[in-house]
Amino acid sequence: MFDYLVVGAGFAGSVIAERLARVLGLRVLLLDKRPHIGGNAFDHYNEHGILVHKYGPHIFHTNSRDVFEYLSQFTEWRTYEHHVLASVDGQLVPIPINLDTLNTLYGMSMTSKDVENFLAQVAEPIAQAKTSEDVVLKRVGRELYEKFFRNYTRKQWGLDPSELDAAVTARIPVRTNRDARYFTDTYQAMPLHGYTRMFENMLDHPNIKIMLNTDYKEVIGEIDYREMIYTGPIDEFFDYEFGKLPYRSLQFKHETLNKPLHQPVAVVNYPNEHLYTRVTEFKYLTGQEHQKTSIVYEFPRAEGDPYYPVPRPENAELYKKYKSLADATPGVHFIGRLATYKYYNMDQVTAQALTLFAKISGERQVDNTAGLRPLLKTNGHHRPRIVARKEEAA
């Protein structure tokens, strides 16, 4: 008998599995359809020995000290601040738009005050920004909208910005100084030995068993458990009773090049002239020294693994119907991006899992801060218990 069946071995599932096992001493069976743990954050060494992110770049950043300290139990960190350039008008310029972006584009020598005045002059007077297009036009005007945002958004989402919720572009800053960092969070770092190593350390506990290449529906009738934590698509859980929730997917094209470096920064965005949206070079993220370098092209797709919930009002209403079913389903907890139909960063998913754990442990009247202690052995490499057959999990 397992206390918890956890569906999905990404951040949400792995964090809650670790807490339940280590702090509460409960028996957990962790399942995943894929042949690996770590979800979309999974990384591995390719055939050339270069550490790559299989599902595109995952950059860790957070303002939460609790989340950072929690994950620090399972990994050492490499300090890393993310920089992105955009290919616009034949030039590579910083994105988010900043002082240097505008001076380079227009061949000017503006100061920060000049930029404030410039943006005030080009911004369109929109009283209430209801769409992603409104947000950008109100902030930077039509010309910069066309150069940086419109076509990138159309590629990424398969929709014009005028058809998307304002939240899509509202999170993108515009700066009047020379700060070229993509993120400004307090904690910005990458797991020193990669995300997969961090997940292996996290799940290395005798109370956790893992089954990969396994759809939970194939085993749910054969394994005894008390409660479920579900991190997969919520519409799939309910057999698409109200129809499918729309997602955007990605196709990745990985290449290894016979030279030390290829790009001037980790990521270059291509808003306009290519079918792909961006190119990532992994050695910037990992700090790995290697005579070759590896890059990945990202091509947005309508079909495939679900990555990005499509933020439109009608989709939010459809999710609410599934949320009502979820709330009325006893013994099942729904957490994570797919189960809550919201684009969360890795730290937000971690925080959500820790919040659920606090609720569960509170119901059991247990100190939910127990177990927050250094677990990492500096040079250790732990491997969790992975079972291959259903009978082994029983």
Side-chain angles (χ1 to χ4, degrees), residues 8 10-12 33-34 38-42 53-59 82 84 86-87 95-96 130-136 145-146 148-172 182 231-238 240 242-254 267-280 295-323 334-346 348-349 352:
F11 267 95
K33 286 183 178 180
R34 288 172 168 169
N40 288 345
F42 172 74
H53 296 185
K54 181 177 176 64
Y55 305 100
H58 283 68
I59 318 299
H82 193 46
V84 178
S87 176
I95 188 76
K130 297 181 180 179
T131 70
S132 284
E133 180 179 76
D134 293 341
V135 169
V136 180
Y145 164 72
E146 296 286 349
F148 285 91
F149 296 97
R150 187 180 188 190
N151 290 332
Y152 190 96
T153 303
R154 292 168 95 174
K155 285 192 289 186
Q156 180 74 13
W157 295 100
L159 295 166
D160 193 82
S162 62
E163 302 175 273
L164 283 169
D165 190 274
V168 174
T169 49
R171 57 190 285 172
I172 303 172
Y182 200 78
T231 73
I234 190 170
D235 53 346
E236 181 181 321
F237 183 89
F238 292 107
Y240 308 105
F242 304 117
K244 292 190 69 172
L245 284 165
Y247 284 92
R248 289 293 282 175
S249 187
L250 293 171
Q251 179 181 334
F252 303 99
K253 180 185 176 185
H254 288 265
V267 172
V268 176
N269 285 0
Y270 291 88
N272 302 310
E273 67 270 33
H274 298 288
L275 292 176
Y276 48 84
T277 50
R278 62 181 179 176
V279 180
T280 298
I295 62 175
V296 66
Y297 299 84
E298 291 186 34
F299 297 85
R301 292 287 183 266
E303 301 296 330
D305 289 345
Y307 285 93
Y308 304 108
V310 181
R312 303 184 74 187
E314 57 266 40
N315 299 342
E317 288 303 311
L318 180 57
Y319 166 69
K320 286 181 182 178
K321 294 182 179 180
Y322 284 114
K323 176 68 162 57
F334 294 81
I335 60 169
R337 282 183 178 184
L338 301 180
T340 56
Y341 199 65
K342 187 169 183 179
Y343 183 80
Y344 287 118
N345 292 327
M346 293 178 286
Q348 294 171 312
V349 174
Q352 188 185 45

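Computed from heavy atoms alone, side chains included, the values below leave out hydrogens, waters and symmetry copies.
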Is K323 close enough and on-axis enough to Y319, meaning under 6.0 Å and within 45°, for cation-pi?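 Pair K323/Y319 does not count as cation-pi.
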When you compare the side chain of [Y] with that of [X], does any pair of heavy atoms fall below 4.5 Å?
X: V349; Y: I335; answer: no
X: Y343; Y: P311; answer: no
X: R301; Y: L250; answer: no
X: T277; Y: P300; answer: yes

Would the Y341 and Y322 ring centres measure less than 6.0 Å apart?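 Ring centres of Y322 and Y341 not closer than 6.0 Å.
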Should the ring pair F252 and Y55 be called parallel, tilted or perpendicular, given that the plane angle runs from 0 to 90° and is split at 30 and 60?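 If you compare the ring of F252 with that of Y55, the planes turn out perpendicular.
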If I take atom [atom1] from residue [X] and atom [atom2] from residue [Y], how far apart are they, to the nearest 0.5 angstrom?
X: T131; Y: D160; atom1: OG1; atom2: CG; value: 8.5 Å
X: D235; Y: L338; atom1: CG; atom2: CG; value: 9.0 Å
X: M346; Y: I59; atom1: CE; atom2: CD1; value: 7.0 Å

Heavy-atom donor-acceptor pair, [X] side chain to [Y] backbone, under 3.5 Å:
X: N269; Y: P271; result: no
X: Q352; Y: G336; result: yes
X: H82; Y: Y182; result: no

Which atom pair, heavy atoms only, marks the closest approach of [X] to [Y]?
X: V310; Y: W157; value: CA-CZ3, 3.9 Å
X: H274; Y: Y270; value: CD2-CD2, 3.4 Å
X: A12; Y: T231; value: CB-CG2, 3.8 Å

Could you list the residues that satisfy side-chain hydrogen bond (donor to acceptor under 3.5 Å, both in side chains) with D305, not counting sequence neighbours?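 If we apply the side-chain hydrogen bond (donor to acceptor under 3.5 Å, both in side chains) test to D305, skipping adjacent residues, the hits are R34.
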Only counting residues at least two apart or in another chain, list the ones meeting side-chain hydrogen bond (donor to acceptor under 3.5 Å, both in side chains) with E163.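 E163 satisfies side-chain hydrogen bond (donor to acceptor under 3.5 Å, both in side chains) with no other residue.
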Among K155, R278, K253, Q156, find the residue that satisfies the side-chain hydrogen bond (donor to acceptor under 3.5 Å, both in side chains) test when tested with E298.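 That would be R278.
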Test side-chain contact (heavy atoms from CB on, under 4.5 Å) on H53 and T280 and set out the steps. CA-CA 10 Å; H53 296 185; T280 298; over 6 Å; no
